[in-house]
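The structure appears below as structure tokens.
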Amino acid sequence: MRTPTVAIVGRPNVGKSTIFNKLIGKKVSIIEDTPGVTRDRIYGTVNYDNHKFHLIDTGGIDVSEEDFNSEIIVQANIAIDESDVIIFVVDGLEELNQNDYTIRDILMKSGKRVVVAVNKLDNQKREENIYNYYELGFEEVIPVSGEHSLGLSDLLDTIIKDFPEIEDDNEEDDEIKFCFIGRPNVGKSSLVNAILNEEKVIVSPIAGTTRDAVDTKFTYNKKKYVAIDTAGIRKSGKVFEKIEKYSVLRSMKAIERSDVCLLVINAEEGIIEHDKHIASYAIEEGKPIIIVVNKWDTVKDKNDINSFTKLVRAEFKFLSYAPITFVSALTKKRIFTIMPEIDKVFENSHREIKTNILNEVIRDAVMLKSPPSYKGKRLKITFSQQTGTVPPRFTFFVNSDKLIHFSYERYLENKIRGNFDFEGTPIILEYRNKHD
């Protein structure tokens, strides 16, 4: 089932980002403390009343800006094009101005369903002005205050009224779904084609299609797979090529449906910050990750794999558990290494560890290195067990969850990874007070 997408648009300083952060809630800060990752917070997922949708926050549209007809308008059009519903945010303390009417015209032409959110209305007197905003020509107008969290439930109810509810998917799927994620022009589609042209691959005659990606079913070594090839930005031109961050949206949708994500890096261009941004979305979804260095045929010194590996490890410290493979989609060099890696990290994400063996490893770890003391108290781990998979989740029963230090948490994770094969998959450590 495809997850709907909602975009927030409006002129500058009307409170779009405040509303975005309130709707996203705590999920917006999940990756903030991951070393080496900084990014614009313009994407997220909203879960509300058994419904789920992607949310995009766009830049403010201002006709007085010199580049209005270039990057700003492109960003808005891409977001609108990707969305099922648009939240048009206007300032409830000001009169409508030329920017508002310009945005109105853009939205009218899109043919998309539009919900007008009149922001900064935090008392009844201000709400009386709500009728002034019906002159924009949209039927659904909701008074809200992002700062005070007023009217947001009404806004959400209006947004999701035509969205499907989240379905319980209890059926076992014998297909492994994987996707290539990365910046535009790093060779994602070429890698899919190179894999499908392998001698061991039998491609199904019918390929499923969605608005966001093309799914290709195939069999490799008698196992079933689905390759999800994310579509590129549809329109052409130098301006569109610059809007790389909007390619993340399609990656997000592919990530959500995949069992394994392959982050593609262009060996010719090297690593840039945007590569880390895209990887962080796969981490948030708890997906197994493989780092694929493509276009290795363009590197003059083919024996420089060790040096490039060190570079990848230094730039992606938060992905120290991810395997790295060097390939060329053009020459098909080392393409055969990809499928075994997919199998391995998929199995590792489903791996379950027996409780007695896990406790033995944790006891040895604590004996080898005691937890640091905090305000005269020291962390005590009385029991541990695995409480989930995909990604693997471990729960520690402790005397106080306030005594957890991030360095000791990293130590415990390293001990788990050192004793059990969780290569390629993130693992989650949770703590419960033994008296709870």
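We count residues from 1, following the sequence as given.
A donor-acceptor pair under 3.5 Å is absent between the side-chain atoms of Y321 and the main chain of I289, judged by distance alone. Put simply, the side chain of D49 never gets that close to the backbone of H51: no donor and acceptor are under 3.5 Å apart. Although no hydrogens or angles enter the test, the distance criterion places no donor-acceptor pair under 3.5 Å between the side chain of D401 and the main chain of N433.
Proximity of I342 to L262: side-chain heavy atoms (C-beta onward) are separated by under 4.5 Å at one or more points. At a threshold of 4.5 Å between non-hydrogen side-chain atoms, the residues R313 and I324 count as touching. The side-chain heavy atoms of K369 and Y411, taken from C-beta on, include a pair separated by under 4.5 Å. Taking 4.5 Å as the limit, some side-chain heavy atom of E360 sits within range of a side-chain heavy atom of D364. In this structure, the side chains of V14 and V90 stay at 4.5 Å or more apart for every pair of heavy atoms.
One side chain, S17 or D57, offers a donor N or O that lies under 3.5 Å from an acceptor on the other. For the residue pair E165/N50, the side-chain donor-acceptor check at 3.5 Å is satisfied. For the residue pair H54 and E256, a side-chain donor N or O sits within less than 3.5 Å of a side-chain acceptor on the partner. For the residue pair Y225 and D343, a side-chain donor N or O sits within less than 3.5 Å of a side-chain acceptor on the partner.
No option in F420, F422, F383 other than F422 meets the ring-ring contact (aromatic ring centres under 6.0 Å, His included) test with F394.
Heavy atoms from other residues, nucleotides or ligands lying under 6.0 Å from CD of E430 number more than 12.
Partners of Q385 according to the side-chain hydrogen bond (donor to acceptor under 3.5 Å, both in side chains) rule, which considers only residues two or more places apart in sequence or in another chain, do not exist here.
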